[in-house]
Amino acid sequence: MIAEVIVDVAAYPIDRPFDYVVPSNMQEVIECGSRVKVPFGPRKVLGYVTRLKTDSDLDEEKLKSIDELIDLEPVLSPELLKLSKIVARETLAYEIDALQVMLPAAMRGKYEKFIEVEKPYEIRDAALLSFLNGRTRLPLKQVTDSALLKIIKAYAKIGVLTIDTAISQQTKVKKVRVIHIKDASTLQTIDETIHTNAKKQKELLDWMRRHANKTVVAASVLKEAGVQAPVLKALIEKGAASEEHVETYREPDAPRLRDTQLPLTLTEEQKVALDLVNEASDKNSAKTFLLHGITGSGKTEVYLQAISHVLKQGKEAIVLVPEISLTPQMTSRFQARFGGLVAVMHSGLSAGEKYDEWRKIHRKEVKVVVGARSAIFAPFENIGIIILDEEHESTYKQEDNPRYHARDVAIWRSEHFGCPVVLGSATPSLESYARASKGVYTLLELSKRALNQGLPSVTVVDMREELKEGNRSMFSVELAEGIRTRLQRKEQIVLFLNKRGFSSFVLCRDCGTVVQCPNCDISLTYHRANETLKCHYCGHEEGVPTICPECESEHIRFFGTGTQKAEEEIAKLFPEARVLRMDVDTTRQKGSHERILRQVSEGNADILLGTQMIAKGLDFPNITLVGVLAADTTLHLADFRAAEKTFQLLTQVSGRAGRHELAGEVFIQTYTPEHYAIELAKTQHFETFYHMEMAARRQYGYPPFFYITLIQFSHEDLMKVIDYADKGATFIKGALSPDTFIIGPAAAAISRVNNRYRYQCLIKYKKEPKLIDTLQQLIKMYRTNWMKDGLLMSVDVDPSSIF
DNA sequence: AGCACGCCGACT
DNA sequence: GTCGGCGTGCTC
């Protein structure tokens, strides 16, 4: 028997299956989708069996055989194996990368080389003998002396010792010691043999009698009976109990809610939506639904009941949520409804915890997984529904290889299982809404808030007018007044500012110099906390200048506003207010995210000030005012989705106010109140925004009217990057159809990052059957020639942004 | 990507 | 004379 193996080597010529002989002792158990350890050239690597066959195209004499079968049960189902091929092809990634992304990081190979002494008696070298000190196996990395290393290599050559590569899991299965207590009569017999002086043993035995025939965790026995480990050991030796190490899971901090919560009563709209989704799952139809529901319209309840429906049929469910909204508040809702049947996967878990959650899914101990992007690869084998909440979120697109979009993967998987996909959002992506309008997806509308609260009233404040009136603070008169009244009424306020740090740039008022990053084409951001200027692209840090580095003038000023500066201003204007700041700088620590939110929910803060991350999921009844300090920040990005992102963000932030009994009010401060993305966020009229934005996209030839693929080039040498970008563009132009547009190559918006010059080229197409093959040829040229010259090139089909 | 092999400069 | 630099080529 021959196995085709994809080996754990991400390199161009290795990106194909290699044939190995399956040793006879493995033939009964080996299956596709299992991991194996195989010899590869001079070393040992991990690989994935993708096919079993009887003949090889190669001379069988030349084949090596599999060293070791790592998994008795395959870790990838045939469906996931098939999916990995699709992912690799469509995203132009290595197949090994597509395979690895489906498994928790803990299961990827970790390599360690060991010295294995075969014939110790043949070693004459004194230095080596004293180093070995009688050991026959030890990690190679312990050898730090290069002279010794050379001696070892020489002995390896003549077979006195070998270098063995051990492949271990990065995280092991956690085991716990349990004891099985014997029956009462056995315990009685033992009791008679214990000497009366052995008081502690008597005590423990008494405890055991009260728990006869039970299986308990050893550590808890010691604690409860109040004895030391040797006492237990003595009794186990006497036969009072038997011990065993059993596999266990690392329990994430929060205890799981086991009691289930009853479904809520649905509104008429929710019922219609649910019925259509349920009908699709009953018919095994791989339909994609777009659930367009305004904030507070009860999308989650529809998800929950649709999941219940498929669980009753013995099927499983995947729920994807953007990473930042994967809060305990969110997940506990699923756990409250489905109890222990839920696994949660998010970046807050340790590698071991992620591995444990994965094993629960793999063993089918849970039926529902709630997780971020990568949970789309959950190893279920009977999926009944896939849900993507907040489907417009760009985090569903992975930014490194394989550059997959979870929405596309969801649809591929749904086609395999014949199950519906539900994309939910208050502000759908233009792409999805366009597909729904064309009937590719089925549109489900929830236009009313479930608890019948009104939408918050939204006021757009023109900051140019404020400036004219002489108000130079970052708070308009109206917003400041709003904050003041909320503080008096003991209600809570959310302030949103899409920029962290203190000031966005440092400018000399005499010569106009803006302090730039020395490595990147971007201005530095002032961080007050440690008095530094930071580059948010390469991480460069430098001290704050007191005089202009160009003209030595002392008139240097900080411009623009970040969350840190806003915090200071709030403290000045409202000294009595308790302010919490939430941005990447204050949430870097594990658990700090939850801590901040808990303080808000417990009423220990009056104002929550934050970036992106507060736009979602917050649902606190006492928040009645939302202020957007500068709505324009996202609007002027050099990206065709800037207007869409702005509209989505404003709508989402506005949705944080007045979700319960108290009415909500929203102030949006802007310098461009006439822009349609801001104007329409006022009324939250998605459909009007959709039509206006579609007109713009049609005019400039962007999605959803055209598909796009972005090719980025970077090189330390400006002339070389221009040269290669031209070569690449010319090649693509020649290969693709005449209806396809090639934009560029042109310098990227940030033309230099980390001392590398960046150029890019945009491909726009409606129908381009040769796209993938052409890009593959381009990548081949890059990997076989251009790469050696220091060029970096990346290809992103359907990029989430074109920076 | 690694790792070995192979062919030319500076050290005991 | 040898040690070691990294160019080249292969991996079932």
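Heavy atoms only: backbone and side chains are in, while hydrogens, waters and symmetry mates are out. All chains are named by letter (A, B, ...) in the order of the sequence lines, taking the proteins before the strands, and each is independently numbered beginning at 1.
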If only side-chain N and O atoms of A:Lys113 are considered, is one of them under 4.0 Å from the OP1 or OP2 phosphate oxygen of B:dC3?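 Checking B:dC3 against A:Lys113, a side-chain N or O does come within under 4.0 Å of OP1 or OP2.
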Between A:Lys64 and C:dC12, is there a contact of a side-chain N or O with OP1 or OP2 at under 4.0 Å?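 Answer is yes, contact under 4.0 Å.
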Distance col, row A:Ile163:CD1 vs A:Leu140:CG, nearest 0.5 angstrom, shows 5.0 Å
Among A:Tyr702, A:Phe741, A:Phe640, find the residue that satisfies the side-chain contact (heavy atoms from CB on, under 4.5 Å) test when tested with A:Leu762. A:Tyr702
Could you check A:Leu710, A:Ile743, A:Ile708, A:Ile732 and say which one makes a side-chain contact (heavy atoms from CB on, under 4.5 Å) with A:Ile763?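 Only match with A:Ile763 under side-chain contact (heavy atoms from CB on, under 4.5 Å): A:Ile732.
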Sugar-phosphate only, base, or nothing, as touched by [X] at under 4.0 Å among non-hydrogen atoms:
X	result
A:Pro13	base
A:Arg783	nothing
A:Phe40	base

Starting at [atom1] of [X] and ending at [atom2] of [N], how long is that distance when rounded to a whole Å?
X	N	atom1	atom2	result
A:Arg16	C:dT11	CZ	P	8 Å
A:Tyr20	C:dT11	OH	P	11 Å
A:Ile66	C:dC12	CD1	P	13 Å
A:Asp8	B:dC3	CG	C1'	16 Å
A:Asp19	C:dC12	CG	P	11 Å
A:Arg51	C:dC12	CZ	P	19 Å
A:Ile163	B:dG2	CD1	C1'	15 Å
A:Lys62	C:dC12	NZ	P	12 Å

Name the closest nucleotide to the A:Pro42 side chain, picking from C:dC12, B:dA1, B:dC3. B:dC3
Presence of donor-acceptor pair under 3.5 Å, side chain of A:Arg43 and base of B:dA1: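 Side chain to base: pair found, below 3.5 Å.
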Side-chain donor/acceptor of A:Ser34 to backbone N/O of A:Ile30, under 3.5 Å: no
Using a strict 4.0 Å threshold on nitrogen-to-oxygen distance, state whether A:Lys175 and A:Glu247 make a salt bridge.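 Looking at A:Lys175 and A:Glu247, the cut-off is not met.
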